[in-house]
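Below is one structure, written out as structure tokens; comments come after it.
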Protein chains: 2
Amino acid sequence: MSAEPRLDALFQALADPTRRSLLSQLARGPASVSDLAQPFDMALPSLMGHLRKLEDAGLIETRKDGRVRTCAIVPEAFTPVRGWLDEQRALWEGRLDRLDDYVTRLMKERQNGH
Amino acid sequence: MSAEPRLDALFQALADPTRRSLLSQLARGPASVSDLAQPFDMALPSLMGHLRKLEDAGLIETRKDGRVRTCAIVPEAFTPVRGWLDEQRALWEGRLDRLDDYVTRLMKERQNGH
DNA sequence: GAGATAGTTAGCCATATTCCTAACCAAAGG
DNA sequence: CCTTTGGTTAGGAATATGGCTAACTATCTC
């Protein structure tokens, strides 16, 4: 199964400042929808929409207790994002390593050529 | 200056599979627009649009030589993305550390209470 | 200079996204 | 049982996004 759809959802969830703020709040600990809404000048259904998008991406999970819905971050859900970034870093660093190897060999050949 | 607009642009640039594929190609080394376009079944202006978005976000830079535009990745441009992820990890790990401290103190108090 | 190649610009279309208000539902408190 | 509180659903508006085609421009090759 390709990771692409998951990465789509993850990066798309992170592509909005409101959702990143929500995640930062939840990184400090679980919170109710009302608690999360307080710092924002936004209608509740709009904020609920953002939470829904984070949940659909798997970055948070929510639980209803009575009339209160509590949200919590899912730390391991960030792993594919970090993984993709690490892959890119490995790719360009590998390119630098190959260049370094090449230059090192070239220098030795020049020394041996004398 | 807030990092938010930069993070918006960065995450939005990464939120599309075509653009992530382009970045993976460029992580292997610079490439011309034509080279980059080959793996995609997409009209050239559409692909150019994606490259423009990556450039606007600062993730790539491009240079025109004659009729060929060459693109190259900008590795350091990913730093704010990693930084934000590290911040979130520090937040929830800090919460775990505080919990751990709390539990450790609670255990000691119980021992001393006897 | 004509033809080919690489890329650019403009305009359009369909879909997605973000936000709103209004109305409603479920659960708690008095 | 009524009121309050916390959240949910529905529908709409404005904007953004991702793709297309057509036409064009700039550069290279012969």
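By convention in this document, chain letters (A, B, ...) are assigned in the order of the sequence lines, proteins followed by strands, and residues within each chain are numbered from 1.
When the side chain to side chain contact (heavy atoms under 4.5 Å, CB included) test is applied to A43(B), the partners found at least two apart in sequence or on another chain are P45(B), S46(B). Under the side chain to side chain contact (heavy atoms under 4.5 Å, CB included) criterion, D56(B) pairs with R52(B), not counting sequence neighbours. Partners of A27(B) by side chain to side chain contact (heavy atoms under 4.5 Å, CB included), not counting sequence neighbours, listed by chain and number: Q88(A), L91(A), W92(A), I73(B). Residues meeting the side chain to side chain contact (heavy atoms under 4.5 Å, CB included) test with Q25(B), sequence neighbours left out: L22(B), L36(B), P39(B), F40(B).
To the nearest angstrom, C1' of dA6(C) lies 13 Å from CD of Q38(B). In this entry the distance linking CG of L51(B) with C1' of dG19(D) reads 15 Å, nearest Å. Here the C1' atom of nucleotide dA16(C) and the CG atom of D56(A) are 14 Å apart, to the nearest Å. Distance, R20(B) CZ to dG18(D) P: 11 Å, rounded to whole Å. Between the CE atom of M48(B) and the C1' atom of dA10(C) there is a distance of 14 Å, given to the nearest Å.
For the pair R89(B)/F78(A), no side-chain contact is recorded, criterion being any heavy-atom separation below 4.5 Å from C-beta on. Residues K53(A) and L59(A) have side chains not in contact (no heavy-atom distance under 4.5 Å, counting atoms from C-beta outward).
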What does the B/S/- profile of nucleotides 17-30 of chain C look like, 5' to 3', with a 4.0 Å heavy-atom cutoff to protein? SSBBBB----BS--
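Between R69(B) and dT8(C), a side-chain N or O to OP1/OP2 separation shorter than 4.0 Å is present.
R19(B) contributes no side-chain N or O that, together with a main-chain N or O of L14(B), makes up a donor-acceptor pair within less than 3.5 Å. Looking only at distances, a side-chain donor or acceptor of R82(A) sits under 3.5 Å from a matching main-chain atom of L85(B).
Of the residues in residues 22-37 of chain B, not one comes within less than 4.0 Å of DNA chain D through any heavy atom.
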